[in-house]
Enquirer: 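The following block contains the structure, expressed as structure tokens.
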Amino acid sequence: AVQEMTTANNLLQQSNVKQAMESEQQALVSLILAVERFADVKNLIEITYASQKEIIELITPDNAKEENTFSAEEREQLIQTKLTENIGRLERMIIALSLEKNKQLQLAQAQAAEQDNPQEDQTESIDALFEEAENLRAETYASLITMQQEMNDSQNVSASAQAAEESLTKLRILFFSIVEHLKDVLERQGSLRDTTSEAASDEYEQMRENIPLLQPEQSQLEQKTQALAETLQKQADAATEQGQPERSESIGDAYVETAM
């Protein structure tokens, strides 16, 4: 970052604003990557996921305006850069997952000691969570390595890029809180409503073909929301048992809205 800032300063003294802005941008990127080194596992997953979404947008630009933003060469270079960064993130994620697992195990041990309860079940649950997380991390990593090889061989990378995004989606959901799960359902339900609205405006025969394709997504959302409602009900009951009536009422209201 310092070198880019020095370059930007020299270019500004020469009134070379365009190139100075490029150096300033590179300095920002370097600083962002430096801050990223301190990210915990959840934030690291979110950064990787967001970057992978950007890669897919670069591979499949939505419209002519986006198509004209970069030349084919610039787009390929940007994809390569983001891909290399994501591969590095997934390599660092091994340590991040290990640190987070140790933290959760220590917390479980402390809670068990305070409550004089055995922690075996919670330990098994934590072990299972992080075993699944590592499997998904490795799956994502393999997809990105495949994508990198495909790019080097000038092959189509869409399938491997999508596979990496799907694994990352599952990985980030593992570390969602109940509120984040609800937000995810809200976003997906809104997107599905928009897609359904677009399908309803098609010609009749086209609409009859498209509508059944939307049913699996709606079914998945229904099942996930039902599971969330059951979790909220258990949390409300637990809050009541712990003598927290206000929290119980708040969670209970959320349960009613979710379940109905």
Side-chain angles (χ1 to χ4, degrees), residues 35-53 85-145 163-188 220-244 247-248 250-252 254-255 258-259:
V35 171
E36 185 184 305
R37 299 288 174 165
F38 297 93
D40 60 15
V41 67
K42 184 175 178 180
N43 284 320
L44 187 56
I45 292 168
E46 288 299 313
I47 292 167
T48 309
Y49 175 77
S51 182
Q52 190 63 25
K53 295 282 284 185
E85 289 173 353
N86 266 1
I87 288 173
R89 289 175 182 127
L90 284 159
E91 290 170 347
R92 298 201 305 277
M93 205 176 288
I94 297 173
I95 296 175
L97 283 167
S98 177
L99 291 172
E100 181 64 25
K101 180 180 178 180
N102 289 337
K103 185 170 76 173
Q104 291 197 22
L105 286 171
Q106 289 172 6
L107 180 61
Q109 185 177 12
Q111 289 175 342
E114 288 178 5
Q115 300 171 6
D116 195 25
N117 289 329
Q119 66 176 89
E120 182 177 349
D121 290 345
Q122 196 167 356
T123 299
E124 289 179 358
S125 176
I126 292 171
D127 286 340
L129 169 68
F130 283 90
E131 181 179 357
E132 185 176 359
E134 172 53 27
N135 288 339
L136 288 169
R137 185 209 66 80
E139 189 177 303
T140 306
Y141 184 79
S143 294
L144 293 186
I145 293 298
E165 185 195 16
E166 289 171 9
S167 299
L168 281 168
T169 298
K170 295 175 184 176
L171 183 57
R172 68 196 289 259
I173 286 174
L174 284 181
F175 294 92
F176 272 10
S177 67
I178 187 72
V179 174
E180 288 167 324
H181 275 295
L182 286 169
K183 287 180 178 179
D184 177 62
V185 170
L186 174 63
E187 181 180 340
R188 289 170 60 189
Q220 288 178 10
L221 288 172
E222 178 188 359
Q223 292 171 16
K224 181 172 182 178
T225 305
Q226 179 61 39
L228 290 173
E230 292 172 1
T231 300
L232 286 167
Q233 186 177 31
K234 291 177 182 177
Q235 289 185 356
D237 292 342
T240 299
E241 293 174 1
Q242 294 167 6
Q244 300 175 327
R247 175 172 169 76
S248 177
S250 176
I251 297 174
Y255 161 73
T258 304

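Throughout, residue positions are numbered sequentially from 1 according to the sequence presented. Worth saying up front: this structure is predicted, and the values here are computed from it rather than measured. Scope of the values below: all heavy atoms of this structure, side chains included, with no hydrogens, waters or symmetry mates.
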Enquirer: Decide if atom CG of Leu174 counts as having more than 12 heavy atoms of other residues, nucleotides or ligands within a radius under 6.0 Å.
Expert: yes

Enquirer: Do Gln233 and Asp237 come within less than 4.5 Å of each other through their side chains, counting heavy atoms only?
Expert: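 Counting from C-beta outward, Gln233 and Asp237 do come under 4.5 Å.
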
Enquirer: Determine, stepwise, if the pair Glu91 / Ile87 fulfils side chain to side chain contact (heavy atoms under 4.5 Å, CB included).
Expert: CA-CA 6 Å; Glu91 290 170 347; Ile87 288 173; 3.8 Å; yes

Enquirer: Check whether more than 12 heavy atoms from other residues, nucleotides or ligands sit under 6.0 Å from atom CD of Glu132, and answer yes or no.
Expert: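 Incorrect, the count does not exceed 12.
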
Enquirer: Restricting to non-hydrogen atoms, name the atom on Ile251 and the atom on Leu232 that form the minimum distance, rounded to 0.1 Å.
Expert: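 Looking at all heavy atoms of both residues, the closest pair is CG2-O, 3.2 Å.
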
Enquirer: Starting at CG of Leu228, measure out to NE2 of His181 and round the result to the nearest 0.5 Å.
Expert: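 Between atom CG of Leu228 and atom NE2 of His181 there are 6.5 Å.
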
Enquirer: Hey, is the main chain of Leu136 close enough, under 3.5 Å, to the side chain of Thr140 for a donor-acceptor pair?
Expert: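 Yes, because the side chain of Thr140 sits within donor-acceptor range (under 3.5 Å) of the backbone of Leu136.
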
Enquirer: Please round to the nearest 0.5 Å and tell me the distance separating atom NZ of Lys170 and atom CG of Asn135.
Expert: 11.5 Å

Enquirer: Yes or no on side chain to side chain contact (heavy atoms under 4.5 Å, CB included) for Gln104 and Leu129, after CA distance, side-chain angles and deciding distance?
Expert: CA-CA 11 Å; Gln104 291 197 22; Leu129 169 68; 4.1 Å; yes

Enquirer: Go through the steps to decide whether Val41 and Leu99 satisfy the test side chain to side chain contact (heavy atoms under 4.5 Å, CB included), and finish with yes or no.
Expert: CA-CA 8 Å; Val41 67; Leu99 291 172; over 6 Å; no

Enquirer: Check Ala96 against Leu44 and note the closest heavy-atom contact, atom names and distance.
Expert: CB-CD2, 4.2 Å

Enquirer: Search all heavy atoms of Leu171 against all heavy atoms of Ile45 and return the closest pair with its distance.
Expert: CG-CD1, 3.7 Å

Enquirer: Given side chains that start at C-beta, do those of Leu105 and Gln109 come closer than 4.5 Å, heavy atoms only?
Expert: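 In short, these two side chains do not touch, never coming nearer than 4.5 Å.
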
Enquirer: Report the distance from atom CD of Gln52 to atom OG of Ser167, rounding to the nearest 0.5 Å.
Expert: 9.5 Å

Enquirer: Regarding Glu222 and Gln226, is there a side-chain donor-to-acceptor distance under 3.5 Å anywhere?
Expert: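 Not at all, the side chains of Glu222 and Gln226 share no donor-acceptor pair under 3.5 Å.
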
Enquirer: Is Asp184 close to Lys224 at the side-chain level, that is, under 4.5 Å between some pair of heavy atoms?
Expert: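 In contact.
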
Enquirer: Taking ring-ring contact (aromatic ring centres under 6.0 Å, His included) as the test, write out the residues that go with Phe175, two or more places apart.
Expert: Phe130

Enquirer: At their closest point, which heavy atom of Leu90 faces which heavy atom of Arg137, and how far apart are they?
Expert: O-NH1, 3.0 Å

Enquirer: Identify the heavy atoms of Ser248 and Ala236 that sit nearest to each other, and give their distance.
Expert: OG-O, 3.0 Å

Enquirer: Do the charged groups of Glu134 and Lys101 touch, with an N to O distance under 4.0 Å?
Expert: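 Salt bridge flag = no for Lys101 with Glu134.
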
Enquirer: Could you please spell out the steps behind the side chain to side chain contact (heavy atoms under 4.5 Å, CB included) verdict for Glu165 and Tyr49?
Expert: CA-CA 7 Å; Glu165 185 195 16; Tyr49 175 77; 4.2 Å; yes

Enquirer: Walk me through whether Lys103 and Glu100 qualify under salt bridge (Lys or Arg N to Asp or Glu O under 4.0 Å).
Expert: CA-CA 5 Å; Lys103 185 170 76 173; Glu100 181 64 25; 3.4 Å; yes

Enquirer: Decide yes or no for Arg89 and Ser51: does some side-chain heavy atom of the first lie under 4.5 Å from some side-chain heavy atom of the second?
Expert: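 With C-beta onward as the side chain, the pair touches.
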
Enquirer: For a quick test of reading the model, state the closest non-hydrogen atom pair linking Arg172 to Thr169 and the distance between them.
Expert: CG-O, 3.2 Å

